[in-house]
Structure formats: structure tokens, C-alpha cells
Amino acid sequence: PNGIQVVDVTRPESPVLYDSSGFAAYPRAVALAGDLVYVSSWPSFLRIIDVSDPADPIMLSAIDLQSEPAAVVVSRNRAYVAANTYLHILDVSDPHRPVILGSYLAGTAKDVAVVGDLVYLANRDVGVEILDVSDPSQPTVIGRIESVYGPGHIAVNGDLVFASAIGSYRGLYIIDVSNPTDPTLQCRYGTEDILDVAASGDRVYMVTSPGGLQVLNVLNPAAPTLDNSYPISMERNGAVTVANDLVFVAAASEGLQILR
């Protein structure tokens, strides 16, 4: 079914699927904050859904962004939506009435990560960009690293950014952003198609096509090493996230995989 599905993972070895299939159709990306789910969905919407009763999700609002969204992150009552042509910043303090505070004309924004007042943007046209959003009405680029060609997915952990790229430049790029105005490339790892990437502690988790999940040790970011790999049948779509010492992998053909 096409849409958002809610899964109870209280017992990760026996996840329970709630009957919410088809709700918020054509999702592109999902972010969770408390009992609210933020869904960027085709063709151009950000939808906010109350899942306090997971068996009966309630749509609170939908705002038309006038551009196709690819990714969404929520931080401190703001939603950041990478929507291809634009990065949109929204005030979602009232989930019934989201308001666009500002936008950045990006080119081809594919993924976004947020730490405080800094936004890390995977911009397929120009590389990885770092924006100051302390004034959300005027997001300002303060740093850029163009040697990451065509980034599609991005994660941040501490002073490191992890970005995947596509085509002949595919692989994982590790970037030192301790000085956000002068980011520096530490290394490029691998040559596989990376469908998504997540970071936690000194580990990076990436789902690759067709290989599955790879876990990298990045204690030395200039020379990462492979810790583990888990074969999962990945096609053109896949996602990974890490929470509460669990790794969640969404695979188009194999559904939700939960690893400890």
C-alpha cells in the first residue's frame, strides 16, 4: 500500500503494524517529533499528522510548498524541507497552521540535516552547503565544499558530515565541519550506490544497492574501516535510521528490518 504506516517497536523482535496503510499517500520522506509526524509528499506538500493514537492517525494540516519535496527534518519547532529547487524553513509551533518563514533558492536540494542554527544541505548542483539560519527569513550560505559531486543524502555527527554521491562519483564523502566556513574533505569511501546514510557515535550506517547495510567505524575519519555488513535486498529505494541502540532499515522489497 502507498502511504504512511505506523509500527509499534516496543518489542523490536516482534514489531506490530497498525492498520494505517494508505494514509498520507505518496510520501517522499518522514520526520518524527514527539507525537507528530511530518511527511513530505508528492507532488508538493508537507503534511503534519498526529499519531498520539497510532491506530487512528489524524491529519492536522497540509501546506503546499510549490516545489517537490525530497527530505524533511524538524528541529526546535521548525521544519526544514529540501524541495529540489528550494530549501524551505517553516514555523511548525502550531501544527495546525505551519508558516513558511524563509526559503533558499538551492538548485537541486536533495537532503538536509540541522544542528542548532546551521543547516547542512545536499545540493546536487554545487555540493554540500552550510547555511546559517539564525535568521530564518534570510538563510545564508557560510560554507560550501564542491568536491562532493552530486550529493544525494547527508548526515551529521559532531564535527563530521557524511554525504553520499551518485554516478561516477558515487561513494561516501566524510567532511570535517569544525570550521563551518571552511569545510574540508577527509576522505571518500567506497564506490557503491548509497541509498541513505545515518550516523551515531563513531559509527556510520549506510544502505547500499544492491549490497544492503554497511556499518563503518569512523573513529579515524580519514581512514574509515568496515565493521559489519548485513545482506538486505535493496533496490532503488531504501532508508536507514538509528534510535535507542537499534538500526531501522526500510527496504522496498523486504519491508522494515530492525537490527541491534
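- The closest side-chain donor-acceptor pair between D132 and T140, if any, does not fall under 3.5 angstrom.
- A donor-acceptor contact shorter than 3.5 Å links the side chain of D196 to the backbone of V240.
- Under a hydrophobic clustering in which Ile, Leu, Val, Met, Phe, Trp and Tyr are joined whenever their side-chain heavy atoms come within less than 4.5 Å, directly or via other members, I174 and L219 fall into different clusters.
- In this structure S93 satisfies the side chain to side chain donor-acceptor pair (under 3.5 Å) test together with D91, sequence neighbours excluded.
- Applying the salt bridge (Lys or Arg N to Asp or Glu O under 4.0 Å) test to pairs two or more places apart or on separate chains, those with a residue in residues 157-172 are R170-D193.
- Taking hydrophobic clusters as Ile, Leu, Val, Met, Phe, Trp and Tyr residues chained together by side-chain heavy-atom distances below 4.5 Å, L172 does not share a cluster with V215.
- Residues passing the side chain to side chain donor-acceptor pair (under 3.5 Å) test with Y205, sequence neighbours excluded: none.
- Evaluation of the side chain to side chain donor-acceptor pair (under 3.5 Å) rule for S137 yields D135 as partners, not counting sequence neighbours.
- Under a hydrophobic clustering in which Ile, Leu, Val, Met, Phe, Trp and Tyr are joined whenever their side-chain heavy atoms come within less than 4.5 Å, directly or via other members, L46 and Y86 fall into different clusters.
- Distance alone, capped at 3.5 Å, is enough to place a donor-acceptor pair between the N220 side chain and the A222 backbone.
- A 6.0 Å sphere centred on CZ of F248 holds more than 12 heavy atoms belonging to other residues, nucleotides or ligands.
- Between L213 and S229 the shortest side-chain heavy-atom distance does not fall below 4.5 Å.
- A side-chain donor-acceptor contact under 3.5 Å links N157 to the backbone of G201.
- Between D8 and Y18, the closest side-chain pair of non-hydrogen atoms falls below 4.5 Å.
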Inset, instruction - Please report the C-alpha distance between R47 and S41 in whole Å, then the side-chain angles of each, then the deciding distance to 0.1 Å, and finally whether the side chain to side chain donor-acceptor pair (under 3.5 Å) criterion is met. - result: CA-CA 7 Å; R47 307 179 191 275; S41 60; 2.9 Å; yes
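- Follow the hydrophobic side-chain contacts under 4.5 Å out from L226 and you reach L160 in the same cluster.
- Remark: side-chain polar atoms of D176 are not paired, donor with acceptor, to backbone N or O of T184 under 3.5 angstrom.
- Looking at heavy atoms from C-beta onward, I100 lies in side-chain contact with I63 at the 4.5 angstrom threshold.
- With contacts defined as side-chain heavy-atom distances shorter than 4.5 Å, the pair V249/L256 does not qualify.
- Between D245 and R260 no salt bridge is recorded (no basic side-chain N to carboxylate O distance below 4.0 Å).
- Side-chain contact between S44 and D64 is present, with heavy atoms from C-beta onward closer than 4.5 Å.
- For the pair L118 and V133, the minimum side-chain heavy-atom distance is 4.5 Å or more.
- Heavy-atom minimum distance, S40 versus A70: OG-C, 4.3 Å.
- Pairing each heavy atom of V73 with each of A113, the nearest pair is CG2-CA, 4.5 Å.
- The heavy-atom pair separating L121 from A106 by the smallest distance is CD2-CB, 4.0 Å.
- No option in N123, V119, L105, V81 other than V119 meets the side-chain contact (heavy atoms from CB on, under 4.5 Å) test with L87.
- Sequence neighbours left out, the pairs with a member in residues 96-118 that pass salt bridge (Lys or Arg N to Asp or Glu O under 4.0 Å) are R76-D117, D94-R97.
- Side-chain atoms of L90 and V99, non-hydrogen and from C-beta on, never get closer than 4.5 Å to each other.
- The backbone N or O of A163 sits nowhere less than 3.5 Å from a side-chain atom of H153 that would complete a donor-acceptor pair.
- By the 30° and 60° cut-offs, the orientation of the rings of W42 relative to Y26 is perpendicular.
- R124 pairs by the side chain to side chain donor-acceptor pair (under 3.5 Å) definition with nothing, not counting sequence neighbours.
- Of all heavy-atom pairs between P43 and P69, the closest is O-CD, 3.6 Å.
- No side-chain heavy atom of V128 sits less than 4.5 Å from a side-chain heavy atom of P183.
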Inset, instruction - Kindly indicate, with the supporting measurements, whether the criterion side chain to side chain donor-acceptor pair (under 3.5 Å) is fulfilled by S67 and N84. - result: CA-CA 7 Å; S67 51; N84 281 308; over 6 Å; no
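- Side-chain contact annotation: Y104 with Q138, donor-acceptor N/O pair under 3.5 Å absent.
- Put simply, L65 and L60 are part of the same group of oily side chains (I, L, V, M, F, W, Y) that touch within less than 4.5 Å, one to the next.
- There is a side-chain donor-acceptor pair under 3.5 Å between S103 and H88.
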